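Everything below concerns the one structure shown next.
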Amino acid sequence: MRSHAQVVVIGGGVVGASVLYHLTKAGWKNVLLIERAELTSGSTWHAAGGMHTVNGDPNVAKLQQYTIKLYEEIERISGQSCGVHITGGIMLAGTRERLDWLKMAKARGRYLGMDLEIISVDEAAKLFPLMDKKHFTGARYDPIEGHVDPYGVTHAYAKSAQIAGAEIVRRTRVTDLKPRADGTWDVITDHGNVHAEHVVNAGGLWAREIGRMVGLELPILAMEHQYLITADLPELAGQKEALHAIDFEGEIYLRQERGGMLMGTYERAGVPWSPVATPWDFGQDLLPNDLERIAPSLEVGFEHFPAIGAAGIRKVVNGPFTFAPDGNPLVGPIRGLRNFWVACGVMAGFSQGGGVGLALSQWMVEGDPGADIWGMDVARYGDWTTLAYTNAKVRENYSRRFRIRFPNEELPAARPLRTTPIYEKLQAEHAVFGDYCGLEHPLWFAPSAAEAHDEVSFRRSNAHRHVAAECRAVQHDVGLLEISNYGKFEIRGAGSAGWLSRVMANKLPAVGRIALTPMLNERGKLIGDFTMCRIAEDHFFLVGTYAAERYYLRWFERHAPDASVSIRPCAMQYVGLSIAGPKSRALLQRLVREDLGNAAFPFLSFRPMEVGMVPALVGRVSFTGELGYELWVTTDYQRLLFDTLMQAGREHGIRCFGGRALNAMRIEKSFGSWAREFRPIYGPFEAGLGRFVDFEKGEFVGRAAALEERASGGRLRLLTFTVDATDADALGDEPIWHDGKVVGWVTSGAYGHRTGASIALGYVPKELATTAAGFEIELIGERRGAMPHASAPYDPRGALMRG
Ligand SMILES: Cc1cc2nc3c(=O)[nH]c(=O)nc-3n(C[C@H](O)[C@H](O)[C@H](O)COP(=O)(O)OP(=O)(O)OC[C@H]3O[C@@H](n4cnc5c(N)ncnc54)[C@H](O)[C@@H]3O)c2cc1C
């Protein structure tokens, strides 16, 4: 084993092998993979090898497409067969909701270039004769589905990497990792040590334990997973290989395995494996079968596919593999650990392994993953992912693998985990809560406790009229919204202004003022949007997306400030309330000594004030489009602030409103939001944020690329549409059609209660960014007319919020 390497990849499963291959492809030569036993010795060797392109996150779906296409390349380079069988696949629906879901997924696939088809039960039965038609209502067909040989794929990656100069050391276990002051690592193994510039944790079943070597508790958990292989079926003899099939009602997947069928299930009563620590002596072992546990799914399966039930079971496989709480991989660098990278929690290694390897290698070699991988960025999780939280969420995710998640459905596991001081007060107002980063936050308010629940649906739900009432209150009187679920940072010190000016694209606000600012990467793409408030010359308060707190901190550290700047994340030290509506000024004026008149405290002002007895930071901003204020207080004051505002607001008709109303109102104002309209695939001019980029102030990160985008106009434009919808509004990811072709995609949508219209935001090529007719948006399988707006549908000149 070499004593020095540019990178040590720990783990020779399909993911580690893919990372190794991609690093060599990106040009790194001195790369070393260390494997505890033989290649594939974790969860890889007994996988069913199934692969598909579909994923809830379109950006992850693109990486899955990439993975499947890659097999040809690594077979060619290595001479090792991957055992690729592209059979095509069908997803079978047994209910109207499931068929709606399939239609929506098919529509999403359109702008990703996927060739998915909704077919009738009769057509499905022709393609997959083993099914009993009476249990189904329709199906979706995907020609690009199939399976591979897990051993072949892993070895094809490994051999391709070796041909390019990589070294693979087997039967060697990494036992410890020690950082050096210069950011490099001593990799300690049971067969000697290696000095590495970078370390990649691709430890699969042991990734959590490798994390612990460096003080990291990764939110991953292994679950036991079983599939069975039947004896040969006469029905398959002499036939073309059977399609892959997913039966949602039975929660099972099926594919042909030689002359029999392989049938697996994600049972509801899933069982974690080694929930606290994975034993190092677990080898190419299987776990004892427990058919009892999966019996309910098997029974449905045998009924829906009678020939399988009649065939008899030849073999049962029970093996563990790992999941993150949301089922997506954990990829990327870790904040606070220099040159330490993770590629783990990959639950679909044969669909995702290639994409994970590509993204991570580009990140390591070029400093950027090269694609929008927010959905699998390890930074999406924060401190709240304790071992028990991860356990509850992973079990929930596993049990729901084949269940529909409705757009208005909030999942119950591990809740309530985190609550703000006014939680009970909001409960008393009949709040329906959502979970965001483990924090309970109000979505909407019902008139009574009995009505305080969501009826889940793809269409407008029971909440619709209550959200309408909230929007009316904000439009005509005043509404109160809890805004604690934002990320906050306090930036202080003599160097703070200089540093912020370099990291953010807009010019800094004057003391007592607020500026909205995008944050760009070197490629000039959007990696954040902040409300930047200046308390003093060298004291700033930044508000941004809470889910991205670690993502931001990692970026801040990369553009490391010196000792003259201190950055303090303070999301839960400052909680907040916002009041919005034409009567919000009169309400607040009763409680503060300062003059809130437009001249003294205009739009985008920011100042510490005493609100009754409560010391608060008060900003005049508006995400609803109405006159409004945000009030930030330390956690101990939030209850009193709530009571103070509610009491003073009574005479103004105050009522609480929630995240759903806020979302509808910001969409009516064409205001974008992080992870929807603002993502690292868009530039500021494409996203309509060009006016918040200040080229006059001198150098800042992404300036050169943003200048280029300004000159060229970029590729895309964010448009706001009024959609000719009836009972279902756009949600996000629906295709946008123009003159009979799919040209773009929706990023957000909602019913705008103030404008009385269904509204969607979405990107189209800039050449098509006109206000002419000819657009359609596909809602649950139906193309609906969509009219683009030249400006925001509600109060386009912003007179209300500035008034
Ligand atoms: C029953 C079953 C069926 C499945 N079916 C499918 C399917 O149909 N399609 C699909 O895409 N996925 C399937 N999977 C999931 C798939 O197996 C995983 O996504 C994939 O194997 C993850 O690969 P990995 O490289 O991340 O982890 P692993 O395969 O666990 O690899 C990690 C490697 O790291 C090594 N290692 C760990 N710690 C150290 C250390 N300290 N020093 C040196 N080496 C170390 C281990 O020995 C191991 O070889 C299935 C899994 C199971 C269990």
Side-chain angles (χ1 to χ4, degrees), residues 8-20 32-52 64 67-68 145-151 153-154 157-158 168-177 187-191 194 199-213 220 222-229 244 246 253-255 257 262 264-266 273 278-287 289 316-324 327 329-331 342-357 401:
V8 166
V9 177
I10 309 171
V14 63
V15 174
S18 166
V19 170
L20 190 75
L32 170 66
L33 183 147
I34 302 181
E35 165 54 47
R36 193 183 59 102
E38 295 298 331
L39 295 182
T40 76
S41 293
S43 46
T44 299
W45 72 277
H46 47 51
M51 56 177 189
H52 49 87
Q64 296 189 179
T67 302
I68 293 174
E145 248 187 74
H147 55 274
V148 287
D149 164 24
Y151 174 95
V153 168
T154 310
Y157 280 130
I168 296 179
V169 175
R170 297 174 168 85
R171 306 218 154 274
T172 301
R173 177 155 78 88
V174 173
T175 54
D176 206 357
L177 293 164
V187 180
I188 318 295
T189 82
D190 52 5
H191 286 87
V194 188
V199 169
V200 177
N201 175 1
L205 288 176
W206 295 266
R208 190 180 45 182
E209 283 62 33
I210 294 170
R212 287 177 186 158
M213 292 176 192
I220 37 181
M223 296 291 291
E224 292 191 16
H225 181 69
Q226 300 183 80
Y227 61 78
L228 56 85
I229 298 172
H244 275 228
I246 289 178
Y253 60 89
L254 300 154
R255 74 162 168 87
E257 173 70 20
L262 180 153
T265 182
Y266 288 82
W273 179 71
T278 308
W280 287 109
D281 59 359
F282 186 77
Q284 287 205 344
D285 300 316
L286 287 176
L287 305 171
N289 303 332
V316 180
V317 171
N318 184 10
F321 65 122
T322 54
F323 295 78
L330 298 176
V331 180
V342 297
C344 53
V346 183
M347 62 79 54
F350 302 96
S351 305
Q352 299 176 337
V356 166
R401 174 104 174 103

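We count ligands from 1, going down the list as the structure has it; atoms in each ligand are counted the same way. Keep in mind that this is a model prediction, so the values were computed, not measured.
In Tyr227, the part holding a heavy atom less than 4.0 Å from any atom of ligand 1 is the side chain. Under 4.0 angstrom from ligand 1, the non-hydrogen atoms of Met347 all belong to its backbone. In Cys344, neither the side chain nor the backbone holds a heavy atom less than 4.0 Å from any atom of ligand 1. With a heavy-atom cut-off of 4.0 Å, Pro320 touches ligand 1 through its backbone alone. Neither the backbone nor the side chain of Asn318 has a heavy atom within less than 4.0 Å of ligand 1.
Considering backbone and side-chain N/O atoms, Val346 comes within less than 3.5 Å of an N/O atom of ligand 1. For a threshold of 3.5 Å applied to N or O pairs, the pair formed by Gly319 and ligand 1 contains no separation below that value. Geometrically, ligand 1 and Phe350 share a nitrogen or oxygen pair separated by less than 3.5 Å. Between Gly49 and ligand 1, at least one N/O pair is under 3.5 Å apart. Inclusion of Val174 in the set of residues having an N or O under 3.5 Å from an N or O of ligand 1 is warranted. Inclusion of Ala47 in the set of residues having an N or O under 3.5 Å from an N or O of ligand 1 is not warranted. Checking only distances, Ala48 does come within under 3.5 Å of ligand 1, N or O to N or O. Ligand 1 has an N or O atom lying under 3.5 Å from an N or O atom of Leu205, backbone or side chain. Some N or O of Val15 is nearer than 3.5 Å to an N or O of ligand 1, by distance alone. The shortest N or O to N or O distance between Tyr253 and ligand 1 is not below 3.5 Å.
Here the heavy atom of the protein found nearest to atom 34 (O) of ligand 1 is Gly11 CA, 3.0 Å. Protein heavy atom in closest approach to atom 40 (C) of ligand 1: Ile10 CG2, 3.6 Å. For atom 28 (P) of ligand 1, the nearest non-hydrogen atom of the protein is Ser43 N, 3.5 Å. For atom 52 (C) of ligand 1, the nearest protein heavy atom (residue, atom name, distance) is Phe321 CD2, 3.5 Å. Remark: minimum distance from atom 44 (N) of ligand 1 to any protein heavy atom is reached at Arg36 N, 2.9 Å. At the top of the distance list for atom 27 (O) of ligand 1, counting protein heavy atoms only, stands Gly204 CA, 3.2 Å. The protein heavy-atom contact nearest to atom 8 (O) of ligand 1 is Gly50 N, 2.8 Å. Taking atom 29 (O) of ligand 1 as the reference point, the nearest protein heavy-atom neighbour is Thr44 OG1, 2.5 Å.
Between the CG atom in Leu262 and the CG atom in Leu228 there is a gap of 7.5 Å [rounded to 0.5 Å]. Atom CG in Leu33 sits 13.5 Å away from atom OH in Tyr157 (nearest 0.5 Å). Atoms OG1 and NE2, from Thr265 and His225 in turn, are 7.5 Å apart once rounded to the nearest 0.5 Å. A distance of 9.5 Å separates CZ of Phe321 from NE2 of His46, quoted to the nearest 0.5 Å. Rounding to the nearest 0.5 angstrom, the gap separating the CZ atom in Phe282 from the CH2 atom in Trp273 is 4.5 Å. Here the straight-line distance linking atom CD1 of Ile34 with atom CG of Leu20 works out to 11.0 Å at 0.5 Å rounding.
A side-chain donor-acceptor contact under 3.5 Å links Ser351 to the backbone of His52. For the pair Asp176 (side chain) and Ile188 (backbone), a donor-acceptor distance under 3.5 Å is absent. At least one donor-acceptor pair closer than 3.5 Å links the side chain of Arg255 to the backbone N or O of Ala48. Using modelled atom types, no side-chain atom of Gln226 and backbone atom of Asn289 make a donor-acceptor pair closer than 3.5 Å. The main-chain N or O of Val14 is never found under 3.5 Å from a side-chain atom of Ser18 such that the two would form a donor-acceptor pair.
Within the structure, ligand 1 lacks Met51 among the residues with a heavy atom less than 4.0 angstrom away. Ligand 1 has at least one atom lying under 4.0 Å from a heavy atom of Trp280. Using a 4.0 Å heavy-atom cutoff, Thr172 is listed among the residues neighbouring ligand 1.
Proximity to Val14 (heavy-atom distance under 4.0 Å) selects the following atoms of ligand 1: 20 (C), 23 (O), 25 (O). The distance from ligand 1 to the heavy atoms of Ile34 drops below 4.0 Å at these ligand atoms: 43 (C), 44 (N). Here is the list of ligand 1 atoms found below 4.0 Å of a heavy atom in Gly203: 32 (C), 34 (O), 37 (C). Close contacts between ligand 1 and Ala202 involve ligand atoms 32 (C), 34 (O) [criterion: under 4.0 Å to a heavy atom].
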Verify side-chain hydrogen bond (donor to acceptor under 3.5 Å, both in side chains) between Arg36 and Ser41, making sure each step is shown before the conclusion. CA-CA 8 Å; Arg36 193 183 59 102; Ser41 293; 5.0 Å; no

Verdict with supporting geometry, Trp206 and Ile10, side-chain contact (heavy atoms from CB on, under 4.5 Å): CA-CA 10 Å; Trp206 295 266; Ile10 309 171; over 6 Å; no

Test log, rule side-chain contact (heavy atoms from CB on, under 4.5 Å), inputs Ile168 and Arg170: CA-CA 6 Å; Ile168 296 179; Arg170 297 174 168 85; 4.3 Å; yes

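Summarising the contacts of atom 53 (C) of ligand 1 with His46, His225, Glu35, the nearest heavy atom is found in His46.
Here the rule is side chain to side chain contact (heavy atoms under 4.5 Å, CB included) with Ile210, and of Val174, Thr278, Leu177, Val342 only Leu177 fits it.
Counted within 6.0 Å of OH on Tyr151, heavy atoms from surrounding residues, nucleotides or ligands total 12 or fewer; the atom is thus considered open.
Classification of Glu38 and Arg171 as a salt-bridged pair holds, one side-chain N sitting under 4.0 Å from a carboxylate O.
The shortest distance between side-chain heavy atoms of Thr40 and Pro150 does not fall below 4.5 Å.
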